[in-house]
Asks: 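My structure is below; once you've seen it, I'll send some questions.
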Amino acid sequence: MRQTNQAGKLVFSAALALLASASAVAQKSTADGIAEYREMLQDGNPAELFEMKGEELWKQRRGPKNTSLEQCDLGKGPGVVKGAFVELPRYFADTAKVQDLESRLLTCMEKQQGLDAKKIAATPFGKDEQKNMEGLVAWIASQSKGMPFNLPQNHAQEKQAYEMGKRLFFMRGGPHDFACASCHGADGKRIRLQDLPNLTKNPGASEGFGAWPAYRVSSGELWSMQRRLNDCYRQQRFPYPGYASDVTVALGVYMGVNGKDGKATAPSIKR
């Protein structure tokens, strides 16, 4: 009888150990599985199709003025694309404003091609000229892939935009009393299986900010940073910010400066 009881205890102990081991393996497998899933998707990132379209649009003569965007100054001089993405948003003397990639493209599309910037800004995401904007930001971002972020903070308006972005990031409000910082202001946060990067410092700031634009598998579309920020405000139950508004640009400055020296990975792929 004693031998039977002892054997039973051993079996029970072994079962507990097996369950604990299985639980640990399951948790590890989930995280590893997500990582492997993302890696497999990167091998055939549909964003490449948007990049091809964007390069064509950059060189294509369009609009009432029938000109291309090849002389658009993204901060590195007219027509220079390589390295521009990792230094935006930044101050531009011709508009006397701090602009991100999308607001700067609006300026070039209006001044050089004669397109209506206000009309484009009011167009819903994924439609008409907003579809073209997706391609342009994908291609321009790809030309700086792997380069370190180095947003300038020399001009007074650049510094002011950073402070404004910081205040907006921590500003709580809405029916749930949320802020950007509620999800992205500390290490180790997640929603379901989705890790939430800490955007107040590296590596989270560069990993989060530097991954957009990105192809969203869930929607089958390419999302720009402006669209991503718009969706964040939707989830907070805030009113939508205006497209390419001072609010979204300032948030971009805050995240981009916090991500200094981190490498750009856009256009990436997201679930």
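Because the structure is predicted, anything quoted here is derived from the model rather than measured.
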Asks: Going by the disulfide (SG to SG under 2.5 Å) test, which pairs reach into residues 204-271, not counting sequence neighbours?
Replies: none
Asks: Taking all atoms of both residues into account, what is the closest heavy-atom pair of R216 and W223, and its distance?
Replies: NH1-CZ3, 3.4 Å
Asks: Is it true that the side chains of N150 and K260 contain a donor and an acceptor less than 3.5 Å apart?
Replies: yes
Asks: Could you check Y240 against Y233 for ring-ring contact (aromatic ring centres under 6.0 Å, His included), going step by step and ending with a plain yes or no?
Replies: CA-CA 6 Å; Y240 292 137; Y233 272 85; 8.7 Å; no
Asks: Applying side chain to side chain contact (heavy atoms under 4.5 Å, CB included), run through E207 and T265 and close with a yes or a no.
Replies: CA-CA 8 Å; E207 290 175 354; T265 58; over 6 Å; no
Asks: What verdict does the side chain to side chain donor-acceptor pair (under 3.5 Å) test give for S68 and E70, after you've listed the backbone C-alpha separation in whole Å, the side-chain angles of each residue and the deciding distance to 0.1 Å?
Replies: CA-CA 5 Å; S68 72; E70 292 175 291; 3.0 Å; yes
Asks: For residues F178 and F238, establish whether the separation of their ring centroids is below 6.0 Å.
Replies: no
Asks: With side chain to side chain contact (heavy atoms under 4.5 Å, CB included) as the test, would you mind laying out the steps for I140 and W58 before giving the verdict?
Replies: CA-CA 9 Å; I140 292 168; W58 181 261; 4.0 Å; yes
Asks: Once you measure the plane-to-plane angle for Y91 and H155, does it fall in the parallel (<30°), tilted (30-60°) or perpendicular (>60°) bin?
Replies: parallel
Asks: Could you state the interatomic distance from CD (E129) to CG (L106), rounded to the nearest 0.5 Å?
Replies: 10.0 Å
Asks: Looking at N230 and Q226, would you say the former's side chain and the latter's main chain have a donor-acceptor pair under 3.5 Å?
Replies: no
Asks: Using a strict 4.0 Å threshold on nitrogen-to-oxygen distance, state whether K189 and D195 make a salt bridge.
Replies: no
Asks: Pair H184, N198 - check side chain to side chain contact (heavy atoms under 4.5 Å, CB included), show working.
Replies: CA-CA 5 Å; H184 296 287; N198 182 351; 5.9 Å; no
Asks: Is it true that R167 and E163 have a side-chain N and a carboxylate O under 4.0 angstrom from each other?
Replies: no
Asks: Using modelled atom types and a 3.5 Å cut-off, is there a donor and acceptor pairing between side-chain atoms of D73 and backbone atoms of G75?
Replies: yes
Asks: Charged N to carboxylate O below 4.0 Å: is that the case for R104 and D94?
Replies: yes
Asks: Applying side chain to side chain contact (heavy atoms under 4.5 Å, CB included), run through Y254 and L199 and close with a yes or a no.
Replies: CA-CA 9 Å; Y254 177 70; L199 299 175; 5.7 Å; no
Asks: Taking NZ, NE, NH1 and NH2 as the nitrogens, is one of them in E87 or K76 under 4.0 Å from a carboxylate oxygen of the other?
Replies: yes
Asks: Ion pair present between K53 and E56, side-chain N to carboxylate O less than 4.0 angstrom?
Replies: no
Asks: With rounding to the nearest 0.5 angstrom, report the CG to CG distance, L136 to L105.
Replies: 5.5 Å
Asks: Check the pair E221 / Y215 against side chain to side chain donor-acceptor pair (under 3.5 Å), numbers first and verdict last.
Replies: CA-CA 6 Å; E221 299 175 293; Y215 180 80; over 6 Å; no
Asks: Between K145 and E51, is there a side-chain N and carboxylate O pair less than 4.0 Å apart?
Replies: no
Asks: Between T67 and Q113, is there a side-chain donor-acceptor contact under 3.5 Å, judged purely by atom types and distance?
Replies: no
